Amino acid sequence: MASEQDFSTSFIPALYKPASLLPIARHKASLLYLVETYPVTIVVGQTGSGKTTQLPQYLHQAGWCEDGKLIAVTQPRRVAATTVATRVAEEMRCKVGEAVGYSIRFEDLTSAETRVKFLTDGMLLREALVDPLLSRYSVIMVDEAHERSLSTDVLLGILKKIIKKRPELRIIVSSATLQAEEFLKFFAGDEYQPDAEPADLGGKVGRIISLEGRMYPVDTLFLEAPAEDYVERAVKTVFDIHNQEEEGDILVFLTGREEIDRTIQLVSERAASLHPKTPSLLPLPLYAGLTTDQQMYVFEPTPQNTRKVIVSTNIAEASVTIDGIVYVIDCGFAKLRAYDPSTGIETLTAVPISKASATQRAGRAGRTRPGKCFRLYTQTTHEQLPEATVPEIQRSNIAPIVMQLKALGIDNIVRFDFLTSPPAELVIRAFELLFSLGAVDDYAKLTKPLGTRMAELAVEPMMAKVLLAAPMFKCLSEILTIAAMVSLQGTVWVQDHDNKKAAESHRRKFAVEEGDHLTYLNVYQAFVTKGKKDSKWCRDHLLNYRALLRAVSIRGQLKRYLERFGIQVEETLSSRQETVDPTRQAQQIQRCLTTGYFAHAAKMQPDGTFKTVSGGLTLHAHPSSLMFVSIMSTFPSSLNTGLLTLLRIGKQIG
DNA sequence: GAGCACTGC
């Protein structure tokens, strides 16, 4: 019924309308005063408030870089760190790498001159390994803290410890409105005065300041009755907007590739029957799995007499900003990582978004002029949504975090002051895994040298163990390659929807019967020898050129870590290879992999499913795996890297 | 026959 109604009657307007606002400049004096006076300043500012680009410049001008100190600005994403640095360098009339620089994994554009440094929060945590008090910095600004990424949360915990020892350090946390008090409460601790006036909540520790964003008002509309099929409903809404609303591009939020492809197809089909005189529709997909080239279409200016319809995942909510969007259609769901501590399996599940997410999505409509947001759910449903998304640290495998904290000298994880503590089961499970890998002892202390070395390697604990075990199996060169390829997380091959058969046959060329890991090894060896790191060769074989170049970098970095530990890496790629029996070598590699991934070992069943060796849990291979046979339900993606080459070994055990 | 949101050292 609802789907047959005209949208002007089935959508009802929201009660709340955000006001349009002013720039940051008029807050310059108060911002500087707060930073001068309090150790912690929480800056609340929407997109377009200029906090990321202007605030570091104000601090620089105000003398926070005297005595050779630096200002750090952390970002959760690499691209943000580079683009913001470029922008600020322009405004400060210098080149990137001079007064303004950035530092991300594999790219360090800073020099002795650099005073304002943009970096990923993961990178600043790395720096803390060498300089535990982060003493080079006078001010550290943690940007986009409201996203609550794993690294941001760990960093905030570390910073709280550091300010106790460095009272002169200044911390700025940029947050969304909703979480500002939570951040302040965290840093203020006992100083926090819940009964005080809002301006005095933080005692002597900190203050909150709100900046207005340069945002246009967005009219939000809800469905009167729930939609049965939100994909169908999204398509209908696209056409309703196209027929009834003024010009302006449309951004549709859905959860994943399958829905997006279906929507693109439906819009294309129905667009064919539009009246020849009406403007045409240009539907474009946007998700992380697309190559950069494919993603670029989204940023191209809209052609004359055309309306762009960008159908996107969550990627457009925080990571990517597209100009010219006037209409947003929000399905109200997103795929989020979930971790089941009882099985140790990480999955991706579509769940209802939070109110904060919904607001963020709506805001995407108001960047260029007043816009409209069509929510494909009722206002009642919206009221029942959680205020904020559960932070990652409460729904992930935290074994890597435990290792990282221990490497930073924080031994008592349970007593560590997290902004939000991970649930006890996650902590227990993490210690169980680390103990079984030999990384921690009976007293939960890092073992030496195994545990301390594992903590330093930039790979997850299971793979770290495999790397450190490799010399014993005489396959370190190969394992280095496999670890680097696994780090690419399934981006080795480029997607080709139009020709799945061809894509499959290309993949089979590199396939070996030992499984996915050895197939990766094959691909890498072909890339660096036959492929000669050539982009055309990659295109011909449907391989992701950029991903493989990245594998080369990661491999190099891991190798340097190992050499720093005094482990020699004997490269087997060229000369020695001939003298080793390949079958025997493959077996050594598989044995080595089981030293880290035994918890994911499973035995293949006659029907093509798998039973885990430890729990007898039935699983299906992921379709991207060579071990994929015939499948009814999906396979948790985290296992496709860990489990699959081990299946044969699982069989041998059983 | 069927699939993977996003980020990071």
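Worth saying up front: this structure is predicted, and the values here are computed from it rather than measured. Below, read A as the first sequence line, B as the second, and so on, with proteins coming before strands; counting in each chain starts at 1.
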- [ ] Can you tell me the distance, in whole Å, between the CD1 atom of A:I554 and the P atom of B:dG8?
- [x] 11 Å
Open item on the list: Quick check on B:dT7: is either OP1 or OP2 less than 4.0 Å from any side-chain nitrogen or oxygen of A:R337?
Closed with: no
Open item on the list: Please compare A:Q404 and A:T313 by the position of their nearest nucleotide in DNA chain B and report the one closer to 5'.
Closed with: A:T313
Open item on the list: Counting only side-chain heavy atoms from C-beta out, which of B:dC4, B:dG8, B:dC9 sits nearest to A:L348?
Closed with: B:dC4
Task: Atom-pair distance (CD on A:E392; P on B:dC9), nearest Å - done: 14 Å
Task: hbond_proxy A:Q489 side chain to B:dT7 base (donor-acceptor, 3.5 Å cutoff) - done: yes
TODO: Output yes when A:K117 and A:E127 qualify as a salt bridge under the 4.0 Å nitrogen-oxygen rule, no when they do not.
DONE: yes
- [ ] Quick one: pull up OG1 in A:T83 and CZ in A:R77 and give me the separation to the nearest 0.5 Å.
- [x] 10.0 Å
Task: Pairwise distance CD1(A:I260) to CD(A:Q265) - rounded to 0.5 angstrom - done: 14.0 Å
- [ ] Without swapping roles, check the side chain of A:R364 against the backbone of A:E317 for a donor-acceptor pair under 3.5 Å.
- [x] yes
TODO: Check whether any side-chain nitrogen or oxygen of A:S149 sits under 4.0 Å from OP1 or OP2 of B:dG8, and answer yes or no.
DONE: no
- [ ] Would you mind reading off the distance between A:R78 atom CZ and B:dC6 atom P, rounded to a whole angstrom?
- [x] 16 Å
Task: Atom-to-atom span, CD1 of A:I315 to C1' of B:dC4 - whole angstrom - done: 13 Å
Task: For DNA chain B, the residues among residues 100-107 of chain A that have a non-hydrogen atom under 4.0 Å from it - done: A:I104, A:R105
TODO: Would you mind reading off the distance between A:E259 atom CD and B:dG3 atom P, rounded to a whole angstrom?
DONE: 12 Å
- [ ] Name the closest nucleotide to the A:A458 side chain, picking from B:dA5, B:dG8, B:dC9.
- [x] B:dC9
Task: Nearest-angstrom distance from the residue atom CG of A:D261 to P of B:dC4 - done: 13 Å
TODO: Using whole Å, report how far CD of A:E460 lies from P of B:dG8.
DONE: 16 Å
Task: Parallel, tilted or perpendicular: ring planes of A:Y597 versus A:H517, cut at 30 and 60 degrees - done: tilted
Open item on the list: Cation-pi check for A:F253 against A:R361: NZ or CZ below 6.0 Å from the six-membered ring centre and within 45 degrees of the axis, yes or no?
Closed with: yes
- [ ] On DNA chain B, check which nucleotide each of A:K335 and A:P76 is closest to and give me the residue with the more 5' one.
- [x] A:K335
Open item on the list: How many whole angstroms separate atom CZ of A:R395 from atom P of B:dC6?
Closed with: 14 Å
Open item on the list: Here's a test for you: under side-chain contact (heavy atoms from CB on, under 4.5 Å), which of A:T237, A:L266, A:T263 qualifies with A:E232?
Closed with: A:L266
Task: Among B:dG3, B:dG8, B:dC6, the one nearest A:A288 by side-chain distance - done: B:dC6
